[in-house]
Protein chains: 2
Amino acid sequence: MGNCGEFIQILGLNLFRGQFTYSVDSKGRVSIPAKLRKQVSADANDTFVMTIGTVNCIDVYPLDQWQQIEAKLLELNAYQPKDGKFIRMILQNASDDTLDSQSRILIPQNLLKYAKIEKEVLILGALKKIELWNPEVFAEYLKQTPDTYEQIAAEVMAQ
Amino acid sequence: MGNCGEFIQILGLNLFRGQFTYSVDSKGRVSIPAKLRKQVSADANDTFVMTIGTVNCIDVYPLDQWQQIEAKLLELNAYQPKDGKFIRMILQNASDDTLDSQSRILIPQNLLKYAKIEKEVLILGALKKIELWNPEVFAEYLKQTPDTYEQIAAEVMAQ
DNA sequence: GATAAATTCACCACAATTCCCCACTACCCT
DNA sequence: AGGGTAGTGGGGAATTGTGGTGAATTTATC
């Protein structure tokens, strides 16, 4: 069992999947589901970087994954006006936190507000990142397109 | 835990990120947010170098990072008119200070004036440096671009 | 050159937030 | 059945952000 886990890790294919409905406590803390935690590389140092997602949710990256994004930013020329703005827009909303002894992270209030998350949170495994949604917002999001799962699959997965 | 932190530091990937709204007191002092302070290398010796940014903000570098900037400046040809002018402009406005016992630095008045910062200051983690903005100026700056966050995120976060 | 004024600097104080630890319940696995 | 793990909640200590005071140093004035 442990062996398989290691193999997958070496291949860099330790991805997040699945769906969990948890609660946000009065302090804004959210537990990271054990199943997802098992996919996090030790390189992440129990640290996660949160930022606004592109669709009204919060994106949560294990530190090692996030650092790949920052590595790309480092290659840009920060003195170039466009690249500079690029860097600021990305980093502006990024905030990091380390798991506490109960495997929770503290979500900044502004992110919770952005995603309209209050007491309940839908935690979504999404490949290299974890997404936090207001459950109702997510249900709405799914409805927004007239396409059925079958139609979308056919389009996206076309080889 | 400490070990991993050191590794990241060795790789030069201890970067600044996030956004903080703090106040500037009557003497021109600004606290450096604890989260940013944690990313500062011990080599910096609690010392920061401030200078004008290229876009109406104040750039704040930990001493060790600033020294890398100076190394680059040394590589320029000071007798080349453009290079010489750039060197003079940066250094003219460069000023250093060490954290006081409350983790604050004193910002020179001319820099505050340059960035139009008065009572409130937006502190931005921007990779190797920290930027100080007038919050309204920054909001204006973000609006000025045709690019949306979604577009930029799609470009950087992809893959 | 002596004194006064102004500025800088180091230190003290406080409220609010954050962090860290402890406790409890429910579920899962063997 | 029971030991272990997982998710939830809360309290107290430590840290953080903010303001201010007074000594030391510098600058200005006579």
Side-chain angles (χ1 to χ4, degrees), chain A residues 1-2 4-5 16-40 45-50 58 60 63 94-113 117-125 130 132-133 135, chain B residues 1-2 5 16-40 45-50 58 60 95-113 117-125 130-133 135:
Chain A
M1 186 181 90
C4 275
F16 300 118
R17 59 181 149 269
Q19 175 185 2
F20 312 83
T21 302
Y22 279 20
S23 62
V24 185
D25 70 19
S26 55
K27 296 179 183 174
R29 293 177 298 187
V30 172
S31 289
I32 301 296
K35 277 196 179 174
L36 298 184
R37 236 181 301 140
K38 281 178 188 138
Q39 310 303 324
V40 175
N45 233 79
D46 279 355
T47 303
F48 293 84
V49 178
M50 300 157 262
I58 301 172
V60 182
L63 181 58
S95 160
D96 54 280
D97 193 29
T98 303
L99 291 181
D100 68 11
S101 51
Q102 268 71 245
S103 307
R104 293 172 291 197
I105 51 173
L106 183 71
I107 316 289
Q109 285 300 322
N110 63 314
L111 290 183
L112 288 175
K113 203 171 157 192
I117 295 171
E118 293 181 354
K119 286 199 66 81
E120 264 200 348
V121 59
L122 182 77
I123 303 173
L124 228 59
I130 297 168
L132 305 182
W133 288 78
Chain B
M1 188 178 95
F16 299 117
R17 57 180 152 259
Q19 181 186 9
F20 312 83
T21 303
Y22 279 20
S23 63
V24 184
D25 70 18
S26 54
K27 297 179 186 172
R29 294 177 298 187
V30 173
S31 289
I32 301 296
K35 278 200 174 166
L36 298 184
R37 240 181 298 141
K38 281 179 189 138
Q39 310 301 326
V40 175
N45 251 92
D46 279 356
T47 303
F48 293 85
V49 179
M50 301 157 261
I58 302 172
V60 181
S95 150
D96 58 289
D97 191 27
T98 304
L99 290 181
D100 69 12
S101 52
Q102 268 71 244
S103 307
R104 293 173 292 198
I105 51 174
L106 183 71
I107 316 289
Q109 285 300 322
N110 64 312
L111 290 182
L112 289 175
K113 203 171 157 192
I117 294 171
E118 293 181 354
K119 285 198 65 82
E120 265 199 347
V121 59
L122 183 81
I123 304 172
L124 212 66
I130 296 169
E131 294 182 345
L132 305 182
W133 289 77

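Keep in mind that this is a model prediction, so the values were computed, not measured. Order of the sequence lines fixes the chain letters, A, B, ..., with proteins taken first and strands second; residue numbering starts at 1 for each chain.
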Remember a base hit wins even if backbone is also touched, and classify A/I123 as base, sugar-phosphate or nothing at under 4.0 Å, heavy atoms. nothing
What contact category does A/S23 fall into here, base, sugar-phosphate, or nothing, at under 4.0 angstrom with non-hydrogen atoms? sugar-phosphate
Start at the 5' end of DNA chain D and walk down; is the nucleotide closest to B/R37 or to B/S26 reached first? B/R37
Nearest 0.5 Å, what's the CG-OG distance between B/L106 and B/S95? 8.0 Å
Between B/N45 and B/T98, what is the shortest heavy-atom contact and its length? O-CG2, 4.2 Å
Tabulate protein N/O versus nucleotide N/O from nucleotides 9-11 of chain C, keeping only pairs under 3.5 Å, one per line.
{"residue": "C/dC9", "atom": "N4", "partner": "B/K27", "partner atom": "NZ", "Å": "3.4"}

What's the angle between the local helix axes at either end of the helix from C/dG1-D/dC30 to C/dT30-D/dA1, using five pairs per end and rounding to 10 degrees? 30°
Does the distance from a Lys or Arg side-chain N to an Asp or Glu carboxylate O, for B/K35 and A/D96, drop under 4.0 Å? no
How many whole angstroms separate atom [atom1] of [X] from atom [atom2] of [N]?
| X | N | atom1 | atom2 | value |
| --- | --- | --- | --- | --- |
| B/I32 | D/dT18 | CD1 | P | 11 Å |
| B/L122 | D/dG17 | CG | P | 15 Å |
| A/K35 | C/dC27 | NZ | P | 16 Å |
| A/K38 | C/dC28 | NZ | P | 13 Å |
| B/F20 | C/dT17 | CZ | C1' | 14 Å |

State, yes or no, whether a side-chain contact exists between [X] and [Y] at a heavy-atom distance under 4.5 Å.
| X | Y | result |
| --- | --- | --- |
| A/V24 | A/I117 | yes |
| A/L132 | A/M50 | no |
| B/L36 | B/I123 | yes |

Would you say A/S103 and A/S31 are linked by a side-chain donor-acceptor pair, where the criterion is simply a distance under 3.5 Å? no
Please determine if a side-chain N or O atom of A/S103 lies less than 4.0 Å away from the OP1 or OP2 oxygen of D/dT5. no
